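Here is the structure we will look at, set down as structure tokens.
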Amino acid sequence: MYKINDNYQKLPGSYLFSNIAKKVAAFSEQNPDADIIRLGIGDVTQPIAPAMIEAMHKAVDEMADAKTFRGYAPDLGYPFLREAIAEKDYKARGCDIDISEIFVSDGAKSDSGNIQEIFAQDNRIAVCDPVYPVYVDSNVMAGRTGVYNEKTQMWSNVIYMPCTAENNFVPEFPKETPDIIYLCLPNNPTGTTLTKDQLQMWVDYANKNGAIIIYDAAYEAYISEDNVAHSIYECEGAKTCAIELRSFSKNAGFTGVRLGFTVVPKDIKCAGVSLNSMWARRHGTKFNGAPYIVQRAGEAVYSDAGQAQIKEQVGYYMNNAKVIYTGLKDAGYQVFGGVNAPYIWLKTPENMTSWDFFDFLLEKANVVGTPGSGFGPSGEGYFRLTAFGSYENSVRALERIKAL
Ligand SMILES: *Cc1c(COP(=O)(O)O)cnc(C)c1O
């Protein structure tokens, strides 16, 4: 008689986005004329820019000709893409990353969920609170997180690092020493980030304590301030303690196209074993490569035309972020984020709960956002708005919020 992986049974239901959808549908039914503006989504809305579309069309045509047809891609990704990444994302920023340290994948969600499997089950993970749910849930599935407490919404074997206005959303070194530290910077959901000096302290902490940092840099393209690192490898010593995850989803609009990569430096060794070799083995056994057509689109992201076009697109979203941020400030809200990330994180007024504010905003302004408590207990009393909508809707939504 077979048995299931019981760890899956431990996962608390993730009702956040289905609850939002249900509430919006109910409101919409009762108020059929309401013009609802959605600023809750964490997905891009602008079409993929021409340089990448052109590269994909060309690659599709190559597939139609026996002379240029491609079958399985190399496990770790095509050299043309990995070379462009090594050159433009790393060498250009003074980071010495070799192409043999770059693993092309179908996105940062799978990599951030899969990376935990090369570590022993008795490692303790540390996460920021609030947090992108994949880091914790993938460790729950692997049986690494202990017992869930419904009341505190915390796992007994997870170290939580609260990020709130009180500490400027900068995680503090935990009392207990973690083995694996997840950092997402710039951060989803808070839209805040660390300076390079603050990040350096985490790199030093990890090296000193024999911990590894899983560094999710999915929002790297949104960084606008000079004192913020675009890669953790800009910090000294990161090549012995950090794995970096990158995605083409938010910088180039590839959420539906699917492309990302992970960097595992060869200097990371655990008792003489190379994590780079382990990840290569995992990749080779469980992943058959990102599509050729998509990797050509990824290559085009690094072309001069591609760079100019994605910069414009990121600029479009960041202009929305500014509209939302300044609009909320003008309306008297306490607002965070929005400068190095497409997320605006606000303190709910008059100590409303995140869900009370969700209802209030939906009913009074017909604007949909995301309750902060959905990302972890320390998100209670906060609310997330995203800059991924249209400019027109961002402006209209803020006019309504200001009029409340
Ligand atoms: C959107 C997002 C990603 C990107 O995931 P993909 O699978 O590459 O689309 C990764 N991490 C965080 C925190 C995100 O918000």
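Keep in mind that this is a model prediction, so the values were computed, not measured. Order of listing sets the numbers, starting from 1, for every ligand and every atom in it.
- In this structure, W345 has its ring center under 6.0 Å from that of Y382.
- Checked for salt-bridge contact, K91 and D96 miss the test: no charged N lies under 4.0 Å from a carboxylate O.
- Outside the 6.0 Å centre-distance limit, the rings of Y316 and Y391 are not counted as a close aromatic pair.
- Within 4.0 Å of ligand 1, the residues that place a heavy atom are G107, A108, K109, Y132, Y135, C184, N188, D216, A218, Y219, S247, S249, K250, R258, listed by chain and number.
- Distance check: Y215 OH to R246 CZ gives 8.5 Å after rounding to the nearest 0.5 Å.
- You'll find the ring centres of Y132 and Y182 outside the 6.0 Å limit.
- Ring pair F261/F103: centre-to-centre distance not below 6.0 Å.
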